[in-house]
Amino acid sequence: MTILEEVLTLFDRRGRDQYHGESVSQTEHALQAAALAEASGAADPLVVAALLHDVGHLLDEPEDLAERGVDGHHEEAGASWLARAFGPAVAEPVRLHVAAKRYLCSTDPSYLGELSEASVLSLKVQGGPLGDSEIAAFQALPYAADALKLRRWDDAAKVPGLVVPELSRYRSQIESASLGAERRTDGASGDL
Ligand code: FE
């Protein structure tokens with residue numbers, strides 16, 4: 001299966017799931033985040049990162065982890081899944097999008113007040129705001145700036161009923177951002 005087929009299959013199977021504690025589905029949330037990235041003029045890999053930033057939630061993970069006070073580390077699961085088929089410009093902002101939330105809670109006084117109730121709840125199990133040394137370490141990471149952009153789109157992508165382009169609209173970006181059209185993700189080598 002190609003990465004594009006895998007992505008389409010995951011959204012087909014799990015995309016109608018509710019996005020944690022919000023009034024949108026996983027697919028609606030992903031499409032709104034991608035549309036915001038596109039509207040900002042982001043490059044293809046960052047648009048794909050926005051679209052797939054919560055792919056970790058579409059992999060096998062129980063729905064109510066945050067409510068039970070457990071962090072499923074969906075950003076790590078998602079980034080590792082993406083890194084099989086995409087470079088760090090896609091995988092790393094995804095890996096850092098929870099750290100970006102914790103960073104913004106520490107550095108932007110208005111940010112916490114803008115977060116949804118569900119996002120405030122999950123902040124606790126994600127470790128809370130970053131400390132001073134963690135703030136400096138985050139800023140030094142190569143994809144920190146992209147992760148912060150992604151985080152803002154993520155937070156805004158929760159509007160019930162918003163009409164945005166559909167998943168098929170992103171086929172070309174997914175293919176262009178992947179490591180090679182010939183690369184297979186089912187274990188077969190793409191080498192000639
Ligand atoms: Fe999200």
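Predicted, not measured: the structure shown is a model, and the values here were computed from it. Both ligands and their constituent atoms are indexed starting at 1 by order of listing.
A salt bridge does not link R169 with E166: every distance from a Lys NZ or Arg NE/NH1/NH2 to an Asp or Glu carboxylate oxygen is 4.0 Å or more. Taking a cutoff of 4.0 Å between a charged side-chain nitrogen and a carboxylate oxygen, D154 and R151 qualify as a salt bridge.
None of the N, O or S atoms belonging to H97 lies under 2.8 Å away from the Fe ion (ligand 1). In summary, H57 places no N/O/S atom under 2.8 Å from the Fe ion (ligand 1), failing the contact criterion.
Both L31 and L8 sit in one connected hydrophobic cluster of ILVMFWY residues. Membership requires side-chain heavy atoms under 4.5 Å apart, directly or through other members.
Draw a line from the Fe ion (ligand 1) to OD1 of D154 and another to OD2 of D54, and the angle between them is 170° (to 10°).
In summary, of the residues considered (I3, V7, V47, L58), a side-chain contact (heavy atoms from CB on, under 4.5 Å) with L52 occurs for V7 alone.
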